[in-house]
Each structure stands twice: as structure tokens, then as C-alpha cells.
Amino acid sequence: MDYYKEGYGNYMNFHVLTLFPEMVTQGLNTSITGRAIDKGLISLNAINIRDYSKDKHNRVDDYPYGGGAGMVIQAEPVYDAYVDLSAKLYSKKDINNSNKKPRVIYVTPQGPIFNQNMAKEFSLEEDLIFLCGHYEGIDERVLEMIVTDYVSIGDYVLTGGELPAMVMIDAISRLIPGVLNNDSSSEFESLHDNLLEYPQYTRPEVFRGESVPSVLLSGHHANIEAWRRQEAIKRTLERRPDLLPEANLSKKEQELLYKLQEEEDVTIQPN
Ligand code: ADE
């Protein structure tokens, strides 16, 4: 299989079990993930579950036992697609790794919500298998047999698992060394250290009467760093205060936070 690349953690092989493989490949073959695929830093293997149907009309879904609306994806084609993929993966792995099964992520609103820490954890794997459902879901028996992780991308219901799988693949890919042009830029991202990113500015220096903060023009790197850190804390307090308990703040930064919180209490007066 030419999609499979042997290595030691500096790349990622994504496998997606789906009824709409072209949706996944067309989406991810574009922009930064597309370039990463071209450069061989990640690989994308979209597998059509329908190819494993034994039905003469290629059907993979059926009515739910017990009645109810919608259709359910049958266990067998999903299971067969998984077994076929696993056989290919194991035959390529060295003997020491052969007992390490790849994680199978079922994208579903019924899982914990995907976040940056999960992206980091998944980025350490060599292979990740995403299973995308449609209709009213997938027969529970095959989920119990093959799924290792249930993950949601948020508390809303989409028409299928392809977009959530693409969201997760994008977030994981940018953590693979070499995928972003500047290796350190994924470090200085929104949510680094559980703080939101500081505000950014570029030319012109004055835009419709609004100037760039003068500290950024000072060339004084320590002051710029301090200002950025302070702005990150302020912004997190304003927009995502729920992140602050997990943020890694120095004593001085804690004090700043208390001061900002006090100021907020003063300004937010009941009518
Ligand atoms: N499938 C449908 N909705 C979803 C969601 N919010 N997250 C993950 N998978 C889904």
C-alpha cells in the first residue's frame, strides 16, 4: 500500500472509514494539510465502507430493530473494512509494535468534546482510524468491538461524521513537525498554556486613526513579551474565563489577574 509510511512518530497516517471518501480527501487535500500530504509528512487513506457491502445493491444500512425513524449502518461492512485495514497495518509494522492496536476514533456527539490536549495526545500516534457515521448511527455491536475513543466536536448534531473527522485531522496535523512552515508557531497559538493568544497587528502603523500599541514598535523584546502575556491574560479573562483555572501563571501574573478581576467587579454593577 503506497499510503502507508513507516517511521518513528514524526508523521501520521490517517485512515478514515466513511460513506463519503471524496468529501474527506477533497477537503484535506487543500491548503496546509494538502501540502503536508504532498510532502509526505502525513498520509490520508479514505476507505469507502460501501466497498465492503455484500448486498447486490451495495447497501450498507437497514431499518432499526425495535422501530423508529431513520436507518442504521450495519455492523458487517464496518467490521470487514476495519479487519482489512488492520491486516494491512500489521503486515507493515515491525514485530515489536505488532501488539499495539491503532486507536479507532468514532466521531459522535455522544463523546467528550475534542480539545487541544486531545489533539496533542493523538498526534503522538503513528496511525489513527476515524470512523464516520451517518443516518441514525452504526450498529452498536461493531462499535463495541472496534472503537477505542468516542469523540465529539461540540454540542450540536451534524449530518455525518466527515466534518468532525476533518476538524480533528486538521488540528492534529498542525502539531506534526514540519507541517507548519514555522516550527514554533504552533507553540504560540491560541490555547497555548490555556491562555488565548495576544492581539496581533501588522502594517500600516495607523489604520483609520487607530495606532498599533506603541510597545510593539519599541524594539524592546522583554517589554513586548511582558505586554503580550498581559494581553493574553486579559483576553482570556474577558472571553474564556473558564480556561483560567488550568493556566500556568506566575505569582506576578496571578496578582495581575486578581487586579483585573477586581476592576471587572467594579465596572459590572447591577442596575
Ligand atoms: N456527528 C454528528 N454530529 C457530531 C458532532 N457534533 N461531533 C462529532 N461527530 C458528530
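Whatever order the structure lists ligands and atoms in, that order sets their numbers, starting from 1.
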Search all heavy atoms of Pro112 against all heavy atoms of Tyr150 and return the closest pair with its distance.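 Answer, listing the atom of Pro112 first, then Tyr150: CD-O, 2.9 Å.
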Quick one: side-chain contact (heavy atoms from CB on, under 4.5 Å) partners of Leu249, sequence neighbours excluded?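 With sequence neighbours excluded, Leu249 shows a side-chain contact (heavy atoms from CB on, under 4.5 Å) to Leu195, Arg229, Ile233, Ala247, Glu253, Gln254, Leu257, given in chain and number order.
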Thr236: partners by side-chain hydrogen bond (donor to acceptor under 3.5 Å, both in side chains), with sequence neighbours left out: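 For Thr236 there are no side-chain hydrogen bond (donor to acceptor under 3.5 Å, both in side chains) partners, ignoring immediate neighbours.
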Any idea which protein heavy atom is nearest [atom], and the distance to it?
atom	value
atom 5 (C) of ligand 1	Tyr156 O, 3.8 Å
atom 10 (C) of ligand 1	Pro109 CD, 3.6 Å
atom 8 (C) of ligand 1	Thr108 N, 3.4 Å
atom 3 (N) of ligand 1	Leu158 N, 3.0 Å

Scan side-chain atoms only and decide if Thr33 and Asp170 contain a donor-acceptor pair under the 3.5 Å cut-off.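 On atom types as modelled, these side chains do not qualify, holding no pair under 3.5 Å.
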Residue portion contacting ligand 1 (non-hydrogen atoms closer than 4.0 Å) for Ile153: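 For Ile153, backbone and side-chain atoms both sit under 4.0 Å from ligand 1.
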Part of Ser152 within contact of ligand 1 (heavy atoms, under 4.0 Å):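 Both of them.
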What atoms of ligand 1 come within less than 4.0 Å of a heavy atom belonging to Gly154?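 Counting atoms of ligand 1 from 1, those under 4.0 Å from Gly154 are 6 (N).
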Before accepting this row, confirm whether a basic side-chain N of the pair Glu238/Arg235 lies closer than 4.0 Å to the acidic partner's carboxylate O.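 Arg235 and Glu238: not salt-bridged.
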Drop me the distance from Asp127's CG to Phe14's CZ, to the nearest 0.5 angstrom.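 With rounding to 0.5 Å, CG (Asp127) is 10.0 Å from CZ (Phe14).
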